[in-house]
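Indexing begins at 1, ligand by ligand and atom by atom, following the structure's order. When reading the values below, keep in mind they use all heavy atoms of this one structure, side chains included, and skip hydrogens, waters and symmetry mates.
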Amino acid sequence: MKTQVAIIGAGPSGLLLGQLLHKAGIDNVILERQTPDYVLSRIRAGVLEQGMVDLLRKADVSARMDAEGLVHTGFELAFNGRRAHIDLKTLTGGKTVMIYGQTEVTRDLMAARQACGAQTVYEAANVRPHDMKSDQPYLTYEKDGEVHRLDCDYIAGCDGYHGVARQSIPADSIKAFERVYPFGWLGILADTPPVNEELVYANHERGFALCSMRSQTRTRYYVQVAAEEKVEDWSDERFWNELKARLPDDLAQRLVTGPSIEKSIAPLRSFVVEPMQYGRLFLVGDAAHIVPPTGAKGLNLAASDVSTLFDILSKVYGEGRTDLLAKYSQVCLRRVWKAERFSWWMTSVLHKFPDTDDFSQRIQQTELDYYVGSEAGRKTIAENYVGLPYETIE
Ligand code: APR
Ligand code: PHB
């Protein structure tokens, strides 16, 4: 088999890249290790930046998001018993975020791919990239007991943090930067009305809490837990009680509880590899970087990498601009590191660390009080939260 762009991974990165390339007349094939149902069973983030919303519209996969997504013009920070509002729209000259689950984005992208007839090989085992430094790279994979070969011009490694793409790059050709946090987020999904119209991020002496949602009738709530906690030890009742204890009184009183439909613990990590390319292999999304979920940046960073790679490949195929290929990593990393910084800052100021004593707790509260009390501070938070602009490729 032969294609122009071989994509490893049918998560949001691979599917969105595939869709944009297909629309631009660039042939691509996706190899995915799992089944479509498995990919759709993963519950992940739900806040889309303006840039990602615009990209989904450009890819022609925004109809359901535009109909069902919730546009949020602000969010709240709760600390020291009070609630402070960050008015995203006013502070950023009109930008907003869209509440629409990653699972739904993935579902829409899968439907679009099926409708346009582009090829996806699900349950492709043992995918391996070869000859990435040559101008004739290829992938091998196993399907139904046979080994197959996919020849291509370029390979997009959209296979997430545990994927094969990054691991195929020789260790002396990339450098990893990492911070593992000593806690995780215990999240539950429930069919209950949201406690607040906007998201609430809470700093509390018992630990961080987040009130989020997927729709007007479905909520997603999180509490910070120690890294070694087991989800089996958290009954719904224990979760709701802990969440209430960490919210300001007025919110705690009006919180509507109900049975969970999903409950899981996610570890928190910051991770970046440099560079994000090796020969004709390009790393995209979680394959190249991980952020802690506090800034809601993971999926959005994946989208900005996709946008950059798509812009470059369009110009390569449309205008012969192969000189742009060498720029992919540096363009992506400038934005990646800024999102890493914001996610790290939000994590640092909102969570309880093992060494958070009374003094550090007061410093966190004061840092939040300082930021929300100053227009410059609120603007800094807002412009990062709605997402920094995508770089133009010229
Ligand atoms: N071969 C083929 N496919 C693979 C392989 C492999 N060796 N390894 C992983 N995959 C597939 C996974 O099964 C998954 O479907 O690659 C896909 C990667 O998807 P994600 O992990 O969702 O990564 P990405 O598409 O970059 O999505 C952006 O940012 O912060 C996160 O929550 C956010 O998951 C989202 C991500
Ligand atoms: C979510 O809704 O799952 C969510 C929202 C905001 C975050 C992280 C996760 O910062």
Quick note on ligand 2: atoms under 4.0 Å from a heavy atom of Pro293 include exactly 7 (C), 8 (C), 10 (O)
If we number the atoms of ligand 1 from 1 as shown, the ones under 4.0 Å from a heavy atom of Arg44 are 20 (P), 21 (O), 22 (O), 32 (O), 34 (O), 35 (C)
side-chain contact (heavy atoms from CB on, under 4.5 Å) test vs Leu283 passes for just one of Ile8, Ile155, Asp305, Val273, namely Val273
for atom 19 (O) of ligand 1, nearest protein heavy atom and its distance come out as Gly11 CA, 3.6 Å
Here the atoms of ligand 1 under 4.0 Å from any heavy atom belonging to Gln102 are 22 (O), 32 (O), 33 (C), 34 (O), 35 (C)
Atom 36 (C) of ligand 1 sits nearest the protein heavy atom Asp286 OD1, 3.2 Å
Among non-hydrogen protein atoms, atom 2 (O) of ligand 2 lies closest to Ser212 OG, 2.5 Å
Joint hydrophobic cluster, Tyr328 plus Leu388, side-chain heavy atoms closer than 4.5 Å | no
- So, does Asn300 use its side chain to make a donor-acceptor pair with the main chain of Glu49 at under 3.5 Å? yes
If we number the atoms of ligand 2 from 1 as shown, the ones under 4.0 Å from a heavy atom of Ala45 are 3 (O)
Of all heavy-atom pairs linking Leu333 and Pro275, the shortest is CD1-CA, 4.4 Å
Numbered in order shown, the ligand 2 atoms found under 4.0 Å of a heavy atom of Leu199 are 5 (C), 6 (C)
_Any heavy atom of Tyr100 closer to ligand 2 than 4.0 angstrom?_
no
Review point. Under a 4.5 Å cut-off applied to non-hydrogen side-chain atoms, are Ile174 and Tyr278 in contact?
Key: no
Ranked by distance from atom 24 (P) of ligand 1, the top protein heavy atom is Ser13 OG, 3.2 Å
Here the atoms of ligand 1 under 4.0 Å from any heavy atom belonging to Cys158 are 16 (O), 17 (C), 18 (C)
So the atoms of ligand 1 within less than 4.0 Å of a heavy atom of Gly285 turn out to be 26 (O)
- Could you tell me whether the side chain of Lys263 and the main chain of Trp234 form a donor-acceptor pair under 3.5 Å? yes
Separation between CG (Leu150) and NZ (Lys2), nearest 0.5 Å, reads 9.0 Å
Per-atom filter on ligand 2: closer than 4.0 angstrom to a heavy atom of Thr294 are 10 (O)
Q. For ligand 2, is Ile99 a contact, meaning one of its heavy atoms is under 4.0 Å away?
A. no
Only one of Phe208, Tyr181, Phe79, Tyr201 passes ring-ring contact (aromatic ring centres under 6.0 Å, His included) with His351, and that residue is Phe208
Smallest heavy-atom separation, Ala156 atom then Leu17 atom, equals CB-CD2, 3.5 Å
Atoms of ligand 1 under 4.0 Å from any heavy atom of Gly163, numbered from 1 in the order shown, are 8 (N)
Note: ligand 2 atoms sitting under 4.0 Å from heavy atoms of Trp185 are 8 (C)
Among non-hydrogen protein atoms, atom 14 (C) of ligand 1 lies closest to Arg42 NH2, 3.2 Å
Q) With the 4.5 Å side-chain cut-off for hydrophobic clustering, are Leu56 and Leu70 part of the same group? A) no
Common cluster, Leu251/Leu255, ILVMFWY with side-chain heavy-atom separation under 4.5 Å: yes
- Would Arg214 count as a contact of ligand 2 if the rule is a heavy atom under 4.0 Å away? yes
for atom 28 (C) of ligand 1, nearest protein heavy atom and its distance come out as Ala302 CB, 3.6 Å
for atom 12 (C) of ligand 1, nearest protein heavy atom and its distance come out as Glu32 OE2, 3.5 Å
The protein heavy atom nearest to atom 8 (N) of ligand 1 is Arg33 NH2, 3.2 Å
In one Ile/Leu/Val/Met/Phe/Trp/Tyr side-chain cluster, 4.5 Å: Leu189, Val225 = no
Ligand 1 atoms nearer than 4.0 angstrom to some heavy atom of Val39 are 15 (O)
TODO: Report yes or no: do Leu77 and Met213 belong to one cluster of Ile/Leu/Val/Met/Phe/Trp/Tyr joined by side chain heavy-atom distances under 4.5 Å?
DONE: yes
Here the atoms of ligand 2 under 4.0 Å from any heavy atom belonging to Arg220 are 3 (O)
Nearest heavy-atom contact between Ala59 and Leu20 is CB-CD2, 3.7 Å
Closest to atom 27 (O) of ligand 1 (heavy atoms only, candidates Pro36, Ala303, Pro292, Pro12) is Pro12
heavy-atom search around atom 9 (C) of ligand 1 in the protein gives Asp159 O, 3.0 Å
Closer than 3.5 angstrom, by distance alone: can the side chain of Thr92 be matched with the main-chain N or O of Lys95 as a donor-acceptor pair? yes
Ala296 and Tyr385 have their tightest heavy-atom pair at CB-OH, 4.4 Å
Honestly, for Phe75 the part within reach of ligand 2 (heavy atoms, under 4.0 Å) is neither
For Val47, the ligand 2 atoms with a heavy-atom partner under 4.0 Å come out as 5 (C), 6 (C)
The atoms of ligand 1 lying under 4.0 Å from a heavy atom of Gln34, numbered in the order shown, are 13 (O)
re atom 3 (O) of ligand 2, the protein heavy-atom contact at minimum distance is Tyr222 OH, 2.6 Å
Check: Is the side chain of Ser62 donor-acceptor paired with the backbone N or O of Met65 at a distance under 3.5 Å, no angle test?
Finding: no
of all protein heavy atoms, closest to atom 6 (C) of ligand 2 is Tyr201 OH, 3.3 Å
Closest to atom 7 (N) of ligand 1 (heavy atoms only, candidates Val164, Asn126, Leu16, Leu15) is Val164
A student checking ligand 1 against Leu31 at a 4.0 Å heavy-atom cut-off should list atoms 2 (C), 3 (N)
With Asn28 as partner, the option from Gln119, Gln4, Arg113 fulfilling side chain to side chain donor-acceptor pair (under 3.5 Å) is Arg113
